[in-house]
Amino acid sequence: MTNPKSLLRQSHFLGTKIRNLRKRNNLTMDDLSTRCIRINAEYAPSVSYLSMIETGKRVPSPEMLAVIAEVFQKSPDWFLDGIDAGTDLTPAKGSRGGISGMALEPGFLFAPDILQIAIPELLSQTGTGGRQFAQLLIRAHQEHHQNHFPELERAAEEIGQKRMPLSAEELLQIAKKVGLQVRWFTEVPTELLDELGVRSKNVQTSYFLPPGTLHLNRILEQHPTRLKYELAVHIGHAVLHNKDGVKSSMRVGGAQEASDGNANLAPQDILHAWRDFESSFFAGALLCPKLPFRQLLDRHGYEISSHQAAGVSASVAMRRMTAVSPYQHWHYFDAYTPGKLKAVYRGNGIPLPWGNMRQVEDPCQHWAVFRMFEAATQQHSAQLSLLNVQGQPRIYCCESTKVMDLAGNPHVLCAGVDLNPAISAQGIDADSLAQEMKQLCVKGGGKAAVPAPIRSTLTTISNILNINWVARSLDKPAQLICSRGNSCPREPGCY
């Protein structure tokens with residue numbers, strides 16, 4: 001153990017190194033203190049003490065330094081080597097994530113009057129309705145902002161007072177407070193044929209009628225987490241949109257909302273899509289307030305089972321992970337059949353495994369969200385995957401779970417992270433590591449066990465990110481995946 005007096009002499013750059021490491025990993029002082037408490041509550045620094053350490057006003061004890069070092073997977077001696085590593089530890093400002101853009105040249109082709117003519121023609125030729133295109137615009141906006149919408153967070157926190165978990169009774173009281181009168185109706189699930197020709201059960205679960213009546217299906221009483229989510233969505237509609245009736249109904253099932261077949265992008269389509277998104281995001285923030293939910297996830301290592309402690313569904317919890325995690329490079333899929341994605345978030349521009357607006361003839365069968373459909377049980381499954389993005393291999397890790405909706409349809413939820421930025425943040429060449437892992441998978445016919453050196457690196461990354469399932473994925477072979485069969489990297493190819 002380092003002598004306290006020796007530690008004091010060697011602590012010249014200690015505070016700077018801790019601050020730079022914390023910022024590099026996008027942790028607040030609250031986050032770092034929580035992580036330290038999880039490792040050793042006795043020697044964990046408080047937020048105020050961390051502030052004094054970072055500014056050089058205090059020097060941590062050897063025991064406290066050991067706890068901080070474990071969070072960042074460093075040796076305590078690294079903090080005391082007398083070398084100012086500030087320059088090396090400053091993260092490069094890169095892309096904010098989301099879909100990669102393209103240069104808009106020649107610019108005159110993107111003039112508003114030309115776009116107004118071209119977009120309806122494009123939609124009619126691709127078979128995409130105006131409302132579907134509006135959803136795509138909303139998703140692009142969401143990904144551009146990395147799923148961070150402080151105004152919606154604040155509105156939800158003001159209504160819910162950052163309480164977690166909220167009970168159905170408390171949400172009913174909030175609904176009454178914002179001017180909603182609840183009425184109950186009865187409707188049972190019915191079978192419908194969706195746009196891909198797949199039969200699924202569907203049911204209307206709630207709808208709003210101006211000026212202030214919220215109708216809830218009795219079936220929700222048997223599914224408390226879904227009841228809470230729908231109440232939260234309608235509360236969001238009342239708070240954000242003054243109960244104007246645009247966000248009027250909610251359904252559960254595999255079939256999409258009926259389309260009027262109009263390819264024109266009407267202003268009402270944008271309004272519907274935007275208010276749908278706002279109300280849904282508000283609901284997540286109301287049920288899982290940012291700071292309490294982040295601390296809960298930290299304590300549980302981002303396990304999907306954390307949703308039980310928060311009193312919400314796995315779907316709500318997994319979507320909120322992408323918004324509250326200090327790590328920014330997440331993705332989330334909710335798939336009803338191999339071919340239908342009901343919800344998508346791609347914080348780092350991950351290509352889609354199949355289309356969610358039209359059927360894809362050659363979806364990659366090796367995506368975790370695809371493979372889970374074949375699973376006999378509703379178990380969680382961690383998977384490490386290698387995927388080419390813009391010509392470069394990237395390492396993704398995800399956790400998938402198979403669940404049933406209240407209409408009785410199985411669907412697969414998948415939350416994942418792009419590990420390349422986390423690897424690069426530790427001063428490791430992520431591109432070379434991913435390329436090495438990809439080549440091993442190619443030689444192995446599409447999959448390969450993770451070799452010891454790479455396993456050690458990724459275990460360290462898992463500990464730094466505090467995501468348990470990243471380490472768990474290393475126990476299985478890594479899989480090669482692709483966005484479409486015609487770009488399959490396997491030898492021989494799957495298609």
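These numbers were taken from a predicted model, which means no experiment stands behind them.
- Between the side chains of Asn217 and Glu187, no donor N or O sits under 3.5 Å from an acceptor N or O.
- Judged by distance alone, the side chains of His411 and Asp405 never bring a donor and an acceptor atom under 3.5 Å apart.
- With a 6.0 Å cutoff to the six-membered ring centre and a 45° limit on the axis angle, Arg346 does not count as a cation-pi contact of Tyr332.
- For His329 and Asn348, the side-chain atoms include at least one donor-acceptor pair closer than 3.5 Å.
- With sequence neighbours excluded, no residue forms a salt bridge (charged side-chain N to carboxylate O under 4.0 Å, His left out) with Arg154.
- The pair Glu157-Lys290 does not meet the salt-bridge criterion, since no charged nitrogen lies less than 4.0 angstrom from a carboxylate oxygen.
- Screening Asn25, Leu32, Ile464 against Val71 for a side chain to side chain contact (heavy atoms under 4.5 Å, CB included) leaves a single residue, Leu32.
- Tyr327 and Tyr302 have their aromatic ring centers separated by at least 6.0 angstrom.
- Taking the centre of each ring, Tyr229 and His223 stay at or above the 6.0 Å mark.
- Checking Thr28 against Asp31 by side-chain atom types alone, a donor-acceptor pair falls below 3.5 Å.
- Side-chain polar atoms of Ser385 and Gln383 form a donor-acceptor pair below 3.5 angstrom.
- For Tyr396 and His331, the distance between ring centers is under 6.0 angstrom.
- Listed by first then second residue, pairs satisfying side-chain hydrogen bond (donor to acceptor under 3.5 Å, both in side chains) with a partner in residues 34-51 read Arg38-Asn466, Ser46-Ser48, not counting sequence neighbours.
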